[in-house]
Amino acid sequence: MSTTTLRINPTGPSGTFVAKIEKISGQKLLACYQCGKCSAGCPMAAYMDILPNQIIRMAQLGMQKQLLASRTIWTCVSCLTCNSRCPKDIRIAEVIESLRETALRNGLRDDRLNIWEISPEARADLPPIATISAMRKLTS
Amino acid sequence: MTKLIYYPGCTLKNAARNFDVSTVSSMAKLDVEVEELDRWNCCGTVHALGSENIMNRVAPVTNLIRVKETAAKTEGMANEFMTSCAMCYNTLKRANIDVQNRPDKLEVINDFLNLETTKYEGDVEVRHLLEYLRDRVGFDRLAEKVTKPLKGLRVACYYGCLLVRPKEVAFDDVENPMIMENLIEALGATPVNFPLKTECCGAYHAVGKPEIIADRTDKILGSANDENIDLVVVSCPMCAYNLDFRQDDAKQLNPDLKNTPVLYFTQLMAMALECGDEALRFDLHHIDPLPALSARGLA
Ligand code: SF4
Ligand code: SF4
């Protein structure tokens with residue numbers, strides 16, 4: 001892992017980012033005390049590059065670039081296991097969704113799924129419930 | 001006959017017609033006449049988690065308006081409806097709770113839907129079929145109606161996410177729900193416990209990340225098969241698709257994975273209540289349930 005210099009300044013751009021994530025998600029990020037329970041029970045953790053508890057920590061610190069570039073925000077499926085187990089009642093899935101929404105709504109239309117790239121046979125095999133939910137979560 | 005409004009949802013009219021027909025025909029045997037909701041639309045499938053999201057509440061709220069309209073047309077019909085799809089239940093229930101708690105959002109949605117003649121006022125009850133069976137029909141009464149007990153059938157009940165999370169919508173224990181096991185027992189079968197019954201199947205990653213689904217399916221079915229089961233029952237067409245239709249992918253990862261039929265709980269009800277083969281639609285499954293059922297003398 002490369003080294004990163006962190007400058008924490010609540011009034012700078014990272015502070016604006018933290019405020020935005022807290023507003024969209026409706027969560028108080030500083031409530032997290034890094035117990036790790038969210039990551040311990042996450043069924044998608046094996047396929048993530050940054051674990052859910054690390055996402056919360058990085059969000060507290062306003063690490064916008066790293067968060068928006070992470071694979072994790074596209075891997076979390078909002079199963080809500082973390083939410084229902086967090087001893088501080090933080091809704092981690094809401095925080096991750098707010099990161100996903102930030103990435104999808106930055107005007108670049110950086111969609112993570114192009115339904116036309118899936119073969120017609122594979123598309124026909126998928127039930128509507130799968131295609132509709134995937135498009136809702138992964139496209140702007 | 002009790003009358004009850006029924007919301008099938010898109011997938012039950014499409015890939016999961018077996019879920020739809022088995023729901024309707026078994027309810028008739030339990031003296032509940034289900035009436036399909038007039039002019040229903042897609043629920044949106046997933047609840048948007050943004051605290052200020054209003055747009056994604058419009059589709060669920062439109063359905064809740066239709067429930068009020070359908071109920072108003074029939075004498076003595078309550079402002080409530082039932083759905084058997086876990087995903088529709090979850091999305092509709094959470095949208096309902098959200099607008100009940102946030103009158104300001106509801107006002108914006110009602111204004112947006114200004115061509116509707118009925119206003120939504122948070123006054124509809126969303127029920128899942130399992131909840132309705134437990135609380136209104138009663139598992140005792142269900143057991144009395146069973147004409148063909150599913151003796152000897154070992155069943156793993158897979159809940160996935162949507163029946164138990166978040167806790168606001170859960171109608172049973174969040175970590176260890178037992179409602180499906182209790183239902184299976186009422187049908188004369190043997191429910192078995194397995195540790196991964198509320199672990200996510202990977203859901204919509206079926207579309208873009210099939211490798212995740214293969215791995216999840218292998219883990220979940222492997223854990224259920226450790227208990228020497230005949231089949232798995234579910235209440236969600238997304239889970240059913242991943243666990244049933246992606247079993248070949250899972251077998252690529254783990255050739256030892258046993259062929260495991262995945263049924264809707266309503267199909268077992270339809271069997272035990274002898275609703276006839278057309279209520280089962282086993283032709284819509286990937287892994288044929290018949291060998292497992294005939295091994296127990298049930299097909
Ligand atoms: S479970 Fe809650 S408190 Fe613990 S690390 Fe995760 S978010 Fe923080
Ligand atoms: S909601 Fe996302 S982060 Fe939380 S447990 Fe589920 S997949 Fe993991």
Side-chain angles (χ1 to χ4, degrees), chain A residues 20-27 41-48 71 74-86 89 91-102 104-105 111-115 117-118 122-139, chain B residues 9-16 42-53 56 59 85-88 90-91 160-162 164-167 169-170 174-175 196 198-213 215-216 219-220 236-242 245-246 286:
Chain A
K20 182 159 97 179
I21 295 306
E22 290 203 327
K23 179 146 196 249
I24 302 175
S25 67
Q27 304 305 301
C42 173
M44 295 295 134
Y47 325 107
M48 290 174 172
R71 190 165 71 227
W74 309 106
T75 310
C76 163
V77 270
S78 308
C79 77
L80 308 188
T81 308
C82 51
N83 286 14
S84 77
R85 292 179 184 169
C86 173
D89 270 333
R91 298 180 169 228
I92 300 98
E94 269 79 341
V95 175
I96 297 178
E97 178 129 321
S98 66
L99 294 166
R100 208 161 33 225
E101 288 200 348
T102 305
L104 287 172
R105 307 217 175 135
D111 290 356
R112 293 306 157 126
L113 174 73
N114 182 352
I115 208 80
E117 280 171 7
I118 296 168
R123 265 202 318 268
D125 182 58
L126 286 163
I129 201 168
T131 24
I132 299 167
S133 50
M135 291 184 69
R136 278 222 154 173
K137 288 284 190 181
L138 305 173
T139 66
Chain B
C10 309
T11 302
L12 271 76
K13 292 293 176 190
N14 188 291
C42 173
C43 67
T45 69
V46 282
H47 181 80
L49 299 172
S51 63
E52 297 307 313
N53 193 312
N56 286 11
C85 170
M87 213 168 203
C88 297
N90 194 280
T91 306
C161 309
L162 300 162
V164 289
R165 289 188 295 270
K167 40 185 170 291
V169 310
V174 174
E175 293 288 344
L196 298 190
T198 59
E199 281 247 352
C200 179
C201 69
Y204 57 83
H205 282 322
V207 181
K209 297 201 182 328
E211 65 286 359
I212 293 186
I213 305 301
D215 189 26
R216 299 306 303 157
K219 296 224 161 66
I220 293 162
C236 175
M238 186 73 254
C239 303
Y241 175 78
N242 285 343
F245 285 77
R246 295 296 170 88
H286 179 62

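Keep in mind the model is a prediction, meaning the values are calculated, not measured. Naming: A, B, ... by sequence-line order, numbering from 1 per chain.
A:I96 does not touch chain B: none of its heavy atoms, backbone or side chain, sits under 4.5 Å away. Contact of A:E94 with chain B is made through backbone and side chain together, with heavy-atom distances under 4.5 Å. With a 4.5 angstrom heavy-atom cutoff, A:D125 touches chain B via backbone and side-chain atoms both. Only the side chain of A:R91 comes within contact range of chain B, judged by heavy atoms closer than 4.5 Å. At a 4.5 Å heavy-atom cutoff, A:S98 makes no contact with chain B through either its backbone or its side chain. Proximity to chain A (any heavy atom under 4.5 Å) is shown, for B:C88, by neither the backbone nor the side chain. For a residue to count as touching a neighbouring chain, one of its non-hydrogen atoms must lie under 4.5 Å from one of that chain's; by this rule B:A48 touches chain A with backbone and side chain alike. B:V174 touches chain A through its side chain: at least one heavy atom from C-beta onward sits under 4.5 Å away, while N, CA, C and O do not. Both the backbone and the side chain of A:L80 come within contact range of chain B, with heavy atoms under 4.5 Å apart.
For the pair B:E175 and A:R85, the salt-bridge criterion is met [side-chain N within less than 4.0 Å of a carboxylate O].
Scanning all heavy atoms of the two residues, the minimum distance from A:T75 to B:H205 falls at O-NE2, 2.8 Å. Between B:G44 and A:I132 the shortest heavy-atom distance is O-CG2, 4.2 Å. A:A130 approaches B:Y204 most closely through the heavy-atom pair O-CB, 3.8 Å. Counting all heavy atoms, side chain and backbone alike, B:G202 lies closest to A:V77 at O-CG1, 3.6 Å. Taking every heavy atom of both residues into account, B:L49 and A:E97 meet most closely at N-OE2, 2.8 Å. In terms of heavy atoms, A:L113 sits closest to B:V207 at CD1-CG1, 3.8 Å.
Taking B:A15, B:C161, B:C43, B:G160 one by one and counting their heavy-atom pairs under 4.5 Å with chain A, the maximum is reached by B:C161. Annotation: maximal heavy-atom pairing with chain B below 4.5 Å, among A:G26, A:S78, A:S84, A:A93, occurs at A:S84. If you tally non-hydrogen atom pairs under 4.5 Å between each of A:E101, A:K137, A:M44 and chain B, the highest count goes to A:K137. Of the listed residues B:M87, B:R216, B:R165, the one with more heavy-atom pairs under 4.5 angstrom with chain A than any other is B:R165. Chosen from B:N242, B:D215, B:T91, the residue pairing most often with chain A at heavy-atom distances under 4.5 Å is B:D215.
The shortest side-chain heavy-atom distance between B:P237 and A:P127 does not fall under the 4.5 Å cut-off.
Between the side chain of B:T11 and the backbone N or O of A:I129 there is at least one donor-acceptor pair closer than 3.5 Å. Panel note: side chain B:S51, backbone A:S25; no donor-acceptor pair is recorded below 3.5 Å.
The distance from atom CG of B:N56 to atom CZ of A:R136, rounded to the nearest 0.5 Å, is 4.0 Å.
Under a cut-off of 6.0 angstrom, the local environment of NZ in B:K13 is crowded, with over 12 non-hydrogen atoms contributed by other residues, nucleotides or ligands.
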